Amino acid sequence: MIVFLDNFHLLRPAWLLAGLPACLLLWLLWRRSRSGQGWRQIIHPDLLPHLLEDHGGSSSASPVQALVLIWLLATLALAGPSWEKIPQPVQRKQDALVILLDLSYSMLSEDISPSRLQRSRHKLMDLLQRRKEGTTALIAYAGDAHVVSPLTDDHRTIANLLPALDPDIMPVKGNQPAAAVKQALALFSSAGAVRGQILLVSDGIRQVDVEKINKLLSTTRFSLSVLGVGTSTGGPIPLPGRGLLKDAGNNIVIASLERAPLQQLANDNGGTYSDLRLDERDLEQVIQPPFDPNQEPELLLDRSADQWHDLGFWLVLALLPLALGSFRRGWLLCIPLLLLIPPRPAFAFEWQDLWQTRDQRAAKMLEQGDASTAAQTFEDPDWGAAASYRAEDYATALEHYSRSDAAADWYNRGNALAKSGHTSAAIAAYDEALARNPELEDASFNKLLLEQLQHQQNQDQQNQDQQNQDQQNQDQQNQDQQNQDQQNQDQQNQDQQNQDQQDQDQ
């Protein structure tokens with residue numbers, strides 16, 4: 001009972017204003033019944049039936065009283081009484097895409113400008129901008145594979161993570177695309193997707209890996225397309241601060257694009273192959289159109305929302321016996337009274353409130369891409385935080401996430417801080433999340449990315465400072481050299497003048 005009283009509330013309290021006319025009608029009936037009380041005190045009871053009308057009789061008052069009762073019950077039902085929550089799954093059209101990005105050292109080759117890796121990042125940026133619907137995941141692989149982002153419809157987050165991806169952040173060096181395909185299948189399985197696409201962005205693959213991947217995908221309905229990066233002539237592989245990559249014989253390694261294994265892999269798994277191009281024809285070729293939503297089930301996303309259950313329908317059932325009694329003679333004459341009720345403004349109420357709660361309408365806005373309006377509409381704080389994050393209002397999202405001390409909230413807090421540019425604070429938030437849940441792999445990976453990014457920024461700043469110092473030293477040397485040259489020139493002029501003077505004296 002205490003839980004009921006704590007949770008009881010009205011989803012649409014503005015509807016209670018519609019009950020004010022009914023209350024006024026009850027007051028008028030009570031005042032009318034009281035108007036005859038004075039006469040009853042001074043007139044003999046035997047004369048009262050002949051002098052006063054019987055306003056207390058059930059035959060005259062019951063239709064109006066029943067109308068008032070129906071009115072109040074209907075108003076309370078429309079107000080949406082609720083005291084319990086029900087889970088509400090979030091679904092989206094099944095158009096799932098998992099991107100596998102090769103981060104082996106060969107992707108640093110500069111046979112295409114500025115480098116294979118840079119061009120791959122730019123191309124994936126274009127791809128994410130093209131995807132208006134569906135969910136996308138990103139996996140980076142080298143000697144092993146790591147999930148950068150699970151299947152999500154927040155493509156902006158993936159785009160923000162791309163610049164930090166570099167071969168140096170991978171803990172194991174090498175090239176194991178089969179491990180990345182295993183991770184992709186695990187993501188599809190956890191998201192409940194039965195169909196989807198895999199896009200491999202790489203500059204080469206071994207025949208043994210082709211066989212492994214074909215075996216993994218042979219019993220599934222997932223297709224695999226390939227975007228080949230590089231040229232047939234290839235180029236050397238520069239290593240940051242270590243010169244060019246060399247083999248055991250101290251020969252410079254030339255990495256070239258081998259198309260044949262990549263084309264075979266795409267053909268064997270229902271996909272297509274394309275070289276990376278400057279225009280978008282490559283994306284149009286490798287990205288298949290989404291599945292028919294009328295034939296495929298919707299994809300259940302990895303989140304749900306608890307929404308208050310509108311229990312006003314029970315009051316509607318209670319109105320049925322009273323509605324049956326309205327067919328008695330004379331009761332239907334009360335119905336025209338409803339037409340005399342003037343319309344009243346209902347604050348914070350819209351027509352959609354009759355059919356959907358604010359959270360339901362906000363979820364629809366969020367699905368349509370209007371995250372800013374959805375953030376202002378949500379009543380649920382968790383959903384409000386997610387919508388604020390999607391709307392890039394990271395300050396509001398951070399305020400929501402700061403209300404709890406759970407590992408997930410610290411992780412989300414770190415994401416909001418990272419998006420706001422507070423790298424050190426974001427790393428500290430990820431540390432707090434890992435302290436509460438050491439198995440939170442996403443927090444570990446994001447922390448590693450930020451630390452790598454912070455190190456790179458510090459290195460760039462140091463390089464810039466060194467360049468500025470070198471430039472100042474060079475300018476000083478040039479100035480000293482000019483001064484020395486000027487002094488030498490002046491000395492030569494003086495010597496010449498002395499020589500001329502001596503010749504003239506002789």
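No experiment lies behind these values; they were computed from the predicted model shown.
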Pair S106-D203, side-chain donor/acceptor within less than 3.5 Å: yes

Whether D409 side chain and D405 backbone form a donor-acceptor pair below 3.5 Å: no

Donor-acceptor pair between S388 and D393 side chains, under 3.5 angstrom: no

Side-chain donor/acceptor of S202 to backbone N/O of G204, under 3.5 Å: yes

Side chain to side chain, R156 and E392, heavy atoms closer than 4.5 Å: yes

Approximate separation, where rounding is to 0.5 Å, of L101 CG and L117 CG: 6.5 Å

Check: T152/D154 side-chain N/O donor and acceptor closer than 3.5 Å: no

Close side-chain approach of R206 and Q176, heavy atoms under 4.5 Å: yes

Residues L257, V229; criterion side-chain contact (heavy atoms from CB on, under 4.5 Å); working and verdict: CA-CA 7 Å; L257 173 63; V229 187; 5.9 Å; no

Y389 versus A397, closest heavy-atom pair with distance: N-CB, 3.9 Å

Worked check of side-chain contact (heavy atoms from CB on, under 4.5 Å) between L217 and L185: CA-CA 9 Å; L217 298 178; L185 295 178; 3.8 Å; yes

Straight-line distance of I99 CD1 to I198 CD1, nearest 0.5 Å: 11.5 Å

Ion pair D275/R259, N-O distance below 4.0 Å: yes

Exam field: side chain R12 to backbone L78, donor-acceptor pair closer than 3.5 Å: yes

Atom CD of Q452 with >12 non-hydrogen neighbours under 6.0 angstrom: yes

Plane angle bin for Y411 and Y430 - parallel if under 30°, tilted between 30 and 60°, otherwise perpendicular: tilted

Within 6.0 Å of NZ in K215, more than 12 heavy atoms from elsewhere: no

Contact check, side chains of L161 and I158, non-hydrogen atoms, under 4.5 Å: no

Between R131 and T136, a side-chain donor and acceptor under 3.5 Å: yes

Criterion side chain to side chain contact (heavy atoms under 4.5 Å, CB included) against V98, the qualifying member of L200, L199, L224, L151: L151

Sidechain N-carboxylate O distance under 4.0 Å for R130, E280: yes

Ion pair check, R436 and E432, cut-off under 4.0 Å: yes

Pair N175-Y141, side-chain contact (heavy atoms from CB on, under 4.5 Å): steps then yes or no: CA-CA 7 Å; N175 192 319; Y141 75 92; 3.5 Å; yes

N269 side chain to L265 backbone, donor-acceptor under 3.5 Å: yes

Minimal non-hydrogen separation, G270 against S223, with atom names: O-CB, 3.7 Å

Result of checking D209, L100, N214 against V181 for side chain to side chain contact (heavy atoms under 4.5 Å, CB included): L100

Any I254 side-chain heavy atom under 4.5 Å of I237 side chain: no

Residue pair M125 / R121, side-chain heavy-atom distance below 4.5 Å: no

Spacing of K123 atom NZ and L283 atom CG [to the nearest 0.5 Å]: 5.0 Å

Minimum side-chain heavy-atom gap S115-M107 below 4.5 Å: no

Validation row: F445, L450 side chains within 4.5 angstrom (heavy atoms): no

Donor-acceptor side-chain pairing of D111 and T231 below 3.5 angstrom: yes

Least distance between heavy atoms, A375 atom then G384 atom: CB-O, 4.3 Å

Closest non-hydrogen atom pair, S109 against P236: OG-O, 3.3 Å

Separation between CD of E451 and OG1 of T423, rounded to the nearest 0.5 Å: 11.0 Å

No-hydrogen, no-angle side-chain donor-acceptor test under 3.5 Å, D144 and H146: yes

Short side-chain to backbone donor-acceptor contact, T373 and D370, under 3.5 Å: no

Shortest non-hydrogen contact from A193 toward F222: O-CZ, 3.6 Å

Residue pair Y273 / D282, side-chain donor-acceptor N/O under 3.5 Å: no

From Q183 atom CD to I139 atom CD1, the distance as rounded to the nearest 0.5 Å: 5.5 Å

Taking every non-hydrogen atom, the tightest pair across L434 and K447: CD1-CD, 4.3 Å

Validation row: D102, P177 side chains within 4.5 angstrom (heavy atoms): no

Worked verdict on D153 versus R390 for side-chain contact (heavy atoms from CB on, under 4.5 Å): CA-CA 10 Å; D153 54 0; R390 287 278 302 277; 3.8 Å; yes

Donor-acceptor under 3.5 Å (T272 side chain, S225 main chain): no

Between CG on residue L398 and OG on residue S402, distance to nearest 0.5 Å: 4.0 Å

